[in-house]
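Residues: numbered from 1 along the sequence shown.
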Amino acid sequence: MIGKFELGPNYDAWFPELQDQWGKAVAGEITLAEALEAVQTFVASDLDAKGISYTVAE
(Lines give C-alpha, C1' and ligand atoms only; values in the text may rest on other atoms or scores of the structure.)
Protein backbone atom coordinates (compact mmCIF):
# COMPACT_ATOMS: atom_id res chain seq x y z
CA MET A 1 0.00 0.00 0.00
CA ILE A 2 1.39 3.42 -0.96
CA GLY A 3 -0.70 5.62 1.27
CA LYS A 4 -3.97 6.28 2.95
CA PHE A 5 -6.75 8.49 1.60
CA GLU A 6 -8.77 10.50 4.12
CA LEU A 7 -12.14 11.83 3.01
CA GLY A 8 -12.17 14.78 5.39
CA PRO A 9 -14.76 16.23 7.75
CA ASN A 10 -17.16 17.49 5.08
CA TYR A 11 -16.70 15.14 2.13
CA ASP A 12 -20.38 14.23 2.03
CA ALA A 13 -21.26 17.93 1.72
CA TRP A 14 -18.79 19.12 -0.90
CA PHE A 15 -18.53 16.15 -3.24
CA PRO A 16 -22.07 16.63 -4.67
CA GLU A 17 -21.20 20.32 -5.15
CA LEU A 18 -18.09 19.31 -7.08
CA GLN A 19 -20.17 17.00 -9.26
CA ASP A 20 -22.66 19.81 -9.97
CA GLN A 21 -19.96 22.35 -10.84
CA TRP A 22 -18.06 19.82 -12.97
CA GLY A 23 -21.22 19.12 -14.96
CA LYS A 24 -21.68 22.84 -15.60
CA ALA A 25 -18.06 23.16 -16.74
CA VAL A 26 -18.29 20.16 -19.06
CA ALA A 27 -21.52 21.55 -20.53
CA GLY A 28 -19.74 24.84 -21.24
CA GLU A 29 -21.96 26.83 -18.89
CA ILE A 30 -19.00 27.97 -16.79
CA THR A 31 -15.22 27.67 -17.00
CA LEU A 32 -13.23 25.11 -15.03
CA ALA A 33 -11.70 27.97 -13.02
CA GLU A 34 -15.19 29.20 -12.11
CA ALA A 35 -16.21 25.69 -11.10
CA LEU A 36 -13.21 25.28 -8.83
CA GLU A 37 -13.74 28.71 -7.27
CA ALA A 38 -17.38 27.84 -6.58
CA VAL A 39 -16.39 24.56 -4.92
CA GLN A 40 -13.73 26.30 -2.80
CA THR A 41 -16.29 28.89 -1.68
CA PHE A 42 -18.77 26.11 -0.86
CA VAL A 43 -16.20 24.14 1.16
CA ALA A 44 -15.11 27.24 3.12
CA SER A 45 -18.72 28.12 3.91
CA ASP A 46 -19.52 24.57 4.98
CA LEU A 47 -16.47 24.34 7.23
CA ASP A 48 -17.30 27.73 8.77
CA ALA A 49 -20.85 26.56 9.47
CA LYS A 50 -19.48 23.45 11.19
CA GLY A 51 -16.98 25.46 13.27
CA ILE A 52 -13.98 23.76 11.67
CA SER A 53 -10.75 25.77 11.31
CA TYR A 54 -8.90 25.67 8.01
CA THR A 55 -6.33 27.47 5.90
CA VAL A 56 -6.85 28.34 2.24
CA ALA A 57 -3.68 27.87 0.19
CA GLU A 58 -2.74 30.72 -2.13
Pair listing, salt bridge (charged side-chain N to carboxylate O under 4.0 Å, His left out) test, anchored in residues 18-27, at least two apart: Asp20-Lys24
Do any pairs count as a salt bridge (charged side-chain N to carboxylate O under 4.0 Å, His left out) and have a residue in residues 35-46, sequence neighbours left out, and if so which ones? Asp46-Lys50
Residue pair Trp14 / Phe42: nearest heavy atoms and the distance that separates them: CA-CE2, 3.6 Å
Minimal heavy-atom distance between Leu47 and Pro9, with the atoms involved, is CD2-CG, 4.1 Å
Pairs in or reaching into residues 15-37: which pass ring-ring contact (aromatic ring centres under 6.0 Å, His included), with residues at least two apart or in two chains? Tyr11-Phe15
Tell me whether Leu36 is reachable from Val56 by hopping between hydrophobic residues (I, L, V, M, F, W, Y) whose side-chain heavy atoms are closer than 4.5 Å. no
Nearest 0.5 angstrom please: Gln40 CD to Ser45 OG, how far? 12.5 Å
Set of side-chain contact (heavy atoms from CB on, under 4.5 Å) partners for Thr31, sequence neighbours left out: Ala33, Glu34
Ala38: what forms a side-chain contact (heavy atoms from CB on, under 4.5 Å) with it, not counting sequence neighbours? Gln21
Does the side chain of Asn10 reach to within under 4.5 Å of the side chain of Val43, using non-hydrogen atoms? yes
So, using ring-ring contact (aromatic ring centres under 6.0 Å, His included) as the criterion, who are the partners of Tyr54 when residues are at least two apart? none
